[in-house]
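Structure record follows, encoded as structure tokens.
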There are 2 protein chains.
Amino acid sequence: MAESTGKRADARRNEKALLDAAAAVFVSDGVDAPVRKIAAEAGVGMGTIYRHFPTRADLVVAVYRHQVDACAEAGPALLASAESPFAALRSWVDLFVDFLVTKRGLAAASRNDPDGFAALHGLFLERLLPVLDDILAAAREAGEVKSDVPAYQLLRAIGDICAGAERVDPGYDARITIGLLLDGCRG
Amino acid sequence: MAESTGKRADARRNEKALLDAAAAVFVSDGVDAPVRKIAAEAGVGMGTIYRHFPTRADLVVAVYRHQVDACAEAGPALLASAESPFAALRSWVDLFVDFLVTKRGLAAASRNDPDGFAALHGLFLERLLPVLDDILAAAREAGEVKSDVPAYQLLRAIGDICAGAERVDPGYDARITIGLLLDGCRG
DNA sequence: TGCCAAGTGGAACACTGCTCCGTATATTCG
DNA sequence: CGAATATACGGAGCAGTGTTCCACTTGGCA
């Protein structure tokens with residue numbers, strides 16, 4: 001019964017254990033936590049972790065995929081409920097920033113690892129870019145955004161700023177920068 | 001004769017060799033190049049490199065210090081010659097961005113290494129922050145900048161954006177984002 | 001010249017991501 | 001129920017990193 005995946009029962013169990021362990025370790029140690037630690041936390045060996053997630057980035061993507069989905073799905077709702085498209089833009093960007101800054105190291109996770117970057121970047125592009133694009137288009141139509149900056153440019157800038165902001169420093173607030181950026185879009 | 005440093009002649013020679021080697025390797029391999037490679041290029045042992053530069057960040061700072069100085073010194077000149085303080089702001093930021101993007105990995109060099117970050121960050125704060133602060137103040141006085149964003153916030157945002165932009169991607173241009181940011185400052 | 005503190009080199013350590021393959025076991029079939 | 005087999009597991013091991021340590025060399029001075 002259960003999943004129709006051809007996987008063996010223990011394999012499925014281990015995959016779940018790994019996802020849970022990774023989520024826990026990412027919270028306590030940051031996304032850069034050693035693979036060994038995640039394997040240990042899950043109570044499996046190195047071989048197992050690499051069997052299920054060929055690269056650490058795959059694991060990261062798997063762990064956060066549903067949160068990214070939630071962020072993507074919130075877009076249209078915000079656009080419908082906010083008092084203006086630009087307000088929706090602000091709210092949605094806030095959501096994304098929240099997501100990024102509450103996951104220690106998420107945005108920077110792939111820094112050292114080009115493949116990892118591609119995976120995470122790809123997830124954002126696939127799920128979030130269309131959403132931001134819609135919001136941006138609506139805001140333009142309402143005359144609230146003059147700049148013709150592409151959504152990609154904006155999405156990436158936000159990611160980069162949050163990545164840099166991960167360093168703890170009481171005097172710095174990434175949200176201020178991002179607010180400035182959005183103001184810049186109004187032209 | 002020569003420097004009044006109490007250092008031995010061979011020590012001074014090695015320090016110079018290391019700086020030259022590091023500069024060369026940074027260009028060809030990026031700022032993240034292995035320490036061993038720099039030592040080999042300079043023809044010295046591991047012990048020597050760590051004697052002169054206790055951490056890789058110290059080496060990075062030493063290599064780029066005079067370029068940072070040049071950037072700092074260009075500030076007042078730009079302010080005097082540009083047709084408006086905001087134009088000077090743009091030009092100066094361009095200068096800084098040029099510096100960051102032409103040094104592969106410079107802005108991200110310290111990413112993995114908190115001490116390294118502090119060193120580089122400290123250099124920028126010490127040399128560049130006052131310059132940006134002056135330009136920003138002038139632009140505000142001329143009514144060209146409405147936002148009261150602190151210079152620190154802006155400087156760091158630029159650094160973070162360039163750090164993120166280091167990943168090669170023909171579709172992304174950090175300068176667009178930074179331009180947007182400056183537009184945002186005009187309020 | 002001879003001495004010795006300053007300086008050097010590179011082996012060794014601790015840590016990382018990742019691979020490999022002998023072993024264990026879930027599942028299936030007789 | 002008991003074997004046969006494909007599937008999955010564990011962890012030792014490899015390659016590469018930054019950094020430390022200390023026996024050895026050498027510049028500069030008396």
Side-chain angles (χ1 to χ4, degrees), chain A residues 1-19 21-22 25-26 29-61 105 108-120, chain B residues 1-19 21-22 25-26 29-61 105 108-120:
Chain A
M1 57 149 275
E3 311 313 303
S4 63
T5 82
K7 285 181 167 183
R8 245 165 59 171
D10 57 345
R12 250 177 293 126
R13 207 179 329 120
N14 275 333
E15 180 161 334
K16 170 105 173 56
L18 275 170
L19 281 174
V25 173
F26 286 172
D29 288 44
V31 173
D32 287 336
V35 179
R36 278 168 174 76
K37 180 152 190 171
I38 297 168
E41 172 84 17
V44 307
M46 297 297 302
T48 303
I49 198 168
Y50 277 97
R51 163 175 306 273
H52 290 285
F53 306 98
T55 180
R56 93 182 282 94
D58 293 327
L59 184 54
V60 172
V61 167
S110 44
R111 180 137 321 252
N112 304 315
D113 157 23
D115 297 339
F117 173 74
L120 213 39
Chain B
M1 55 150 275
E3 312 312 301
S4 62
T5 81
K7 286 181 167 184
R8 245 164 59 170
D10 57 345
R12 248 177 295 126
R13 206 180 329 120
N14 276 333
E15 179 162 335
K16 171 101 172 58
L18 276 169
L19 281 173
V25 172
F26 287 172
D29 288 44
V31 173
D32 287 336
V35 180
R36 278 169 176 75
K37 180 152 190 174
I38 297 167
E41 172 83 19
V44 306
M46 297 299 302
T48 304
I49 200 169
Y50 277 96
R51 162 174 301 274
H52 291 285
F53 306 99
T55 180
R56 93 182 281 95
D58 293 328
L59 185 53
V60 173
V61 168
S110 44
R111 182 135 325 249
N112 304 315
D113 157 23
D115 297 340
F117 172 74
L120 214 39

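- Residue B:His52 places at least one side-chain N or O closer than 4.0 Å to OP1 or OP2 of C:dT8.
- With rounding to whole Å, B:Arg12 atom CZ is found 10 Å from C:dG7 atom P.
- Taking atom CZ of A:Phe53 as the reference point, atom P of C:dC18 lies 14 Å away to the nearest angstrom.
- The nearest whole Å value for the distance from the CZ atom in A:Arg13 to the C1' atom in C:dT27 is 13 Å.
- If you find the closest nucleotide of DNA chain C to A:Pro54 and to A:Pro34, the one lying nearer the 5' end belongs to A:Pro34.
- Summarising the geometry of B:Ala21 relative to B:Glu41, their closest heavy-atom pair is CB-CG, 3.4 Å, with the distance given to 0.1 Å.
- Residue A:Tyr50 places no side-chain N or O under 4.0 Å from the OP1 or OP2 atom of C:dT19.
- Taking both residues in full, the closest heavy atoms of A:Ala42 and A:Ala17 are given as CB-O, 3.8 Å, listed atom of the first, atom of the second, then distance.
- Atom-to-atom distance recorded for A:Phe53:CZ and A:Leu19:CG is 4.0 Å, nearest 0.5 angstrom.
- In this structure, the NZ atom of A:Lys37 is 12 Å from the P atom of C:dG17, given to the nearest Å.
- Close to C:dG17, at under 4.0 Å from its OP1 or OP2, lies a side-chain N or O of A:Arg56.
- In this model, the phosphate group of C:dG9 is approached by a side-chain N or O of B:Thr48 to a distance below 4.0 Å at OP1 or OP2.
- In this structure, A:Ala33 reaches the sugar-phosphate backbone alone: every heavy-atom distance under 4.0 Å involves primed, P, OP1 or OP2 atoms, never a base.
- Side-chain N/O atoms of A:Asn14 include none lying less than 4.0 angstrom from OP1 or OP2 on D:dA8.
- Checking C:dG17, C:dT27, C:dG7 against the side-chain heavy atoms of A:Val35 singles out C:dG17 as nearest.
- Closest contact between the side chain of A:Met46 and the listed nucleotides D:dG18, C:dT19, D:dA8 involves C:dT19.
- In this structure, A:Arg36 places its CZ atom 15 Å from P of D:dG10, rounding to the nearest Å.
- Contact annotation: B:Arg8 side-chain N/O to C:dA5 OP1/OP2 distance is not under 4.0 Å.
- The nearest pair of heavy atoms linking B:Lys7 to B:Arg12 is O-NH2, 3.3 Å.
- One atom, CG of B:Asp10, and another, P of C:dG9, lie 9 Å apart when rounded to the nearest Å.
- In the set C:dC18, D:dC9, C:dA26, the nucleotide with an atom closest to the side chain of A:Arg51 is D:dC9.
- A:Asp58 places a side-chain N or O within 3.5 Å of a backbone atom of A:Thr55 that can act as its donor or acceptor partner.
- At whole-Å resolution of the value, NZ in B:Lys7 and C1' in C:dA5 are 16 Å apart.
- What separates CG of A:Asp32 from C1' of C:dC18 is a distance of 16 Å, to the nearest Å.
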